[in-house]
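So the structure is just underneath, and the comments pick up after that.
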Amino acid sequence: MENALHMIVETDKASRRKVEEAYARREKLSEELTAKKQEIDAQNEEQAKKVLAQKREDAAKKLESAKTERAEKDERIRAQLNQIYESKHEAWETEIFNAVVGESEQA
């Protein structure tokens, strides 16, 4: 009888030890998973920052290119307008003068 009780107690101790070991393994795995998750999150955040920085750089280059293109186009138009002005301003001045003087003579 005493032997049977001793076996029951030892079996109970062994079972409790296995349960405690299982809890300890579960806790360790949980900590490892948490650490791995934090590592992955940090890697993802770093990668996202790199992608964002590259996108910003690309957008800045596109914007600068568009500004340069627009400035060049504006300069071409300005040059064309100046050329037209230089070639016709005397005729326009004469035409305006005659229109004003001509109206004055009619009044």
Close side-chain approach of R70 and K73, heavy atoms under 4.5 Å: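 Yes, close enough: below the 4.5 Å cut-off.
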Enter the distance from [X]:[atom1] to [Y]:[atom2] here, rounded to the nearest 0.5 Å.
X: E72; Y: I77; atom1: CD; atom2: CD1; value: 12.0 Å
X: Q47; Y: L52; atom1: CD; atom2: CG; value: 11.5 Å
X: S15; Y: E10; atom1: OG; atom2: CD; value: 11.0 Å
X: L5; Y: D12; atom1: CG; atom2: CG; value: 12.0 Å
X: I40; Y: N44; atom1: CD1; atom2: CG; value: 7.5 Å
X: K13; Y: R17; atom1: NZ; atom2: CZ; value: 9.0 Å

Test: [X] and [Y] ion pair at under 4.0 Å:
X: K62; Y: D58; answer: no
X: R78; Y: E75; answer: yes
X: E32; Y: K36; answer: no

Quick check on [X]: does its [atom1] atom have over 12 non-hydrogen neighbours (other residues, nucleotides or ligands) under 6.0 Å away?
X: E93; atom1: CD; result: yes
X: H6; atom1: NE2; result: no
X: E21; atom1: CD; result: yes

side-chain contact (heavy atoms from CB on, under 4.5 Å) evaluation trace for L33 with K37: CA-CA 6 Å; L33 286 174; K37 179 186 177 297; over 6 Å; no
N/O donor-acceptor pair under 3.5 Å between T11 side chain and M7 backbone: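 Pair found, side chain donor or acceptor close to backbone of M7.
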Candidate pair K61 and E57, rule salt bridge (Lys or Arg N to Asp or Glu O under 4.0 Å), full reasoning: CA-CA 6 Å; K61 286 179 182 178; E57 185 179 330; 3.3 Å; yes
